[in-house]
Amino acid sequence: MNLDKSFLKLKSYCEYQNFKGWDPYDGLNSKIFNALPFKQWDLARLAWIQGFKRSPINFRKIFFVPKQYNAKGIGLFLSGYCNLYELAKKGNNSFDKKEEFLEKIIFLADLLLELQNKHYSGVCWGYNFDWQARRLFLFPKNTPTVVATTFCASALFEAYEITKNEIYLKTALSSADFVLNDLGRTPHFNGFLFSYSPLKGNNTVYNASLLGAKLLSKCYNYTKDSNQKETAKNAVIAACDGQQKDGSWVYGLLPVQSWIDSFHTGYNLDAISTYQNCTDDFTFSENIERGFKYYIENFFEADGKPKYYHNQTYPIDIHCPAQLFVTLSSLNKFMNNKGLAKKIMEWTINNMQDPKGYFYYQLKKGVSSKISYMRWSNAFMFNAMTQFLKENSKL
């Protein structure tokens, strides 16, 4: 496996695109669809999005869907360049000099400031497209979500540590007010679940709630605000109370959300570990260990092939291998699992990277989607590979 060569191909591709691209869910950005009366019909919007998402053929050019910046994608790239800066600072100039990385960090961090939504209690971010999640559930463009906000604010914290630009820190800290004041809370066991967004009816998902706790924990690391810590702890309590005896988590509370999958399990573990590391509260160490044991034993095959579900391999989503490297780093378990991590990285490069450098969205048993998606595939894998490189440099 030539990891450096693979990563440089991805880096060159993303930089050439200037970090703009398409997304699995951006079908409603079509200029043609928006000129038709169907755009007012929820079922038509849902069918249009799913058609674009599921098709192995990319119709976006034909239907005038523009390549755009996606805030979460920019946050992931920013985190990745912060990792590269740290590598270069230690003398590894294989990918560029730290001065070049610093320029990229400032560019991406300033871009996040431009993309922020200022219409809520605190700074927050959403997606660059309308999204029809279910037939009666529409997220208008730029509706803030706890997922996008956590990735963006976390990246700004990292940028602050390198640049010492107080604007980055102030902006990231402001996101706590969004989580505390604008997200709904649903009582669950001895705690509560944060909602995915300020909209009603999206309050049943463990990983989204834990991302809210993760963000508050990161803010607490700077502010030592007890309200941030205690609120985060209540969300962690709810998720740990909902953890199954075998260490797993179902995706959500609704009957249609009862699946168990790889990368959302990784999200959960990363978030609880972040809470623990930022607050020095080790109440949930056993939950982390039990959850990690389930994660590492059920979602990765011996040859390095990642599985989507605990009981089903396909579709193999690029998030499945990529999240592993982030989770191992967060839980400080890379060293003990380096053999498996290398196998999975090698399998992913060999099976999911295009000769042009970008990574595929999903592999299926039949025809796979090999469309280049900037946020979902490339930004996520970019950050994951830099985490791998950073951890591997410690060995």
Indicate the atoms forming the closest heavy-atom contact of [X] with [Y], along with that distance.
X	Y	result
S197	N202	N-OD1, 2.7 Å
G242	H188	CA-NE2, 4.4 Å
L156	A172	CB-CB, 4.0 Å
G122	D182	N-OD2, 4.0 Å
F334	A341	CE1-CB, 3.9 Å
Q362	P315	OE1-CB, 3.8 Å

Review point. With a 6.0 Å cut-off on ring centres, are F284 and F282 close enough?
Key: no
[X] side chain vs [Y] backbone, donor-acceptor pair below 3.5 Å:
X	Y	answer
N207	Y251	no
T231	N227	yes
S209	F194	yes
W259	Y309	no
K39	F33	no
D270	G266	no
R185	A235	no
S273	S330	yes
Q40	P37	no
N383	F77	no

Other residues, nucleotides and ligands only: do more than 12 of their heavy atoms fall within 6.0 Å of [atom1] on [X]?
X	atom1	answer
K200	NZ	no
I167	CD1	no
D246	CG	yes
K97	NZ	no
K53	NZ	yes
K224	NZ	yes

Any non-hydrogen side-chain atom of [X] less than 4.5 Å from a side-chain atom of [Y]?
X	Y	value
S377	S372	no
M385	M345	yes
L78	C82	yes
Y13	M374	yes
E166	Y160	yes

* Do V65 and Y127 belong together in a cluster built from hydrophobic side chains that touch within less than 4.5 Å? ->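 The answer is yes; both residues are in one hydrophobic cluster.
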- Task: Tell me, please, which residues at least two apart from F7 pass ring pair (Phe, Tyr, Trp, His ring centres under 6.0 Å).
- Result: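 Only F95, F382 meet the ring pair (Phe, Tyr, Trp, His ring centres under 6.0 Å) criterion with F7.
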Show every side-chain hydrogen bond (donor to acceptor under 3.5 Å, both in side chains) that has at least one partner inside residues 142-159, sequence neighbours left out.
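For residues 142-159, and leaving out neighbouring residues, the side-chain hydrogen bond (donor to acceptor under 3.5 Å, both in side chains) pairs sorted by first residue read S79-E158.
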According to the side-chain hydrogen bond (donor to acceptor under 3.5 Å, both in side chains) rule, which pairs have a member within residues 293-308, sequence neighbours left out?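 Listed once each, the pairs are K293-E297, E301-T313.
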Indicate every side-chain donor-acceptor pair of residues 85-93 with a distance under 3.5 Å to a residue at least two apart or in another chain.
residue	atom	partner	partner atom	Å
N92	OD1	S94	N	3.0
N92	OD1	S94	OG	2.7

Name of the residue among F388, F380, F263 meeting ring-ring contact (aromatic ring centres under 6.0 Å, His included) with F325:
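That would be F388.
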Paired with Y361, the ring-ring contact (aromatic ring centres under 6.0 Å, His included) test is passed by just one of Y25, Y373, F52, namely Y373
Quiz question: by atom type and distance under 3.5 Å, do the side chains of [X] and [Y] form a donor-acceptor pair?
X	Y	result
T171	Q116	no
K9	Q353	no
D354	Y360	yes
D317	W376	yes
Q323	T327	yes

- Going through the distances and angles, do Y81 and L102 end up as a side-chain contact (heavy atoms from CB on, under 4.5 Å)? CA-CA 8 Å; Y81 278 101; L102 184 60; over 6 Å; no
Quick note, salt bridge (charged side-chain N to carboxylate O under 4.0 Å, His left out) partners involving residues 104-115, not counting sequence neighbours, are none
Problem - Face-on cation placement of K20 at Y69 ring, 6.0 Å and 45° thresholds - result: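 The answer is yes; both the distance and angle limits are met.
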For this session: Taking side chain to side chain contact (heavy atoms under 4.5 Å, CB included) as the test, write out the residues that go with N351, two or more places apart.
Result: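 Expected list: W347, L363.
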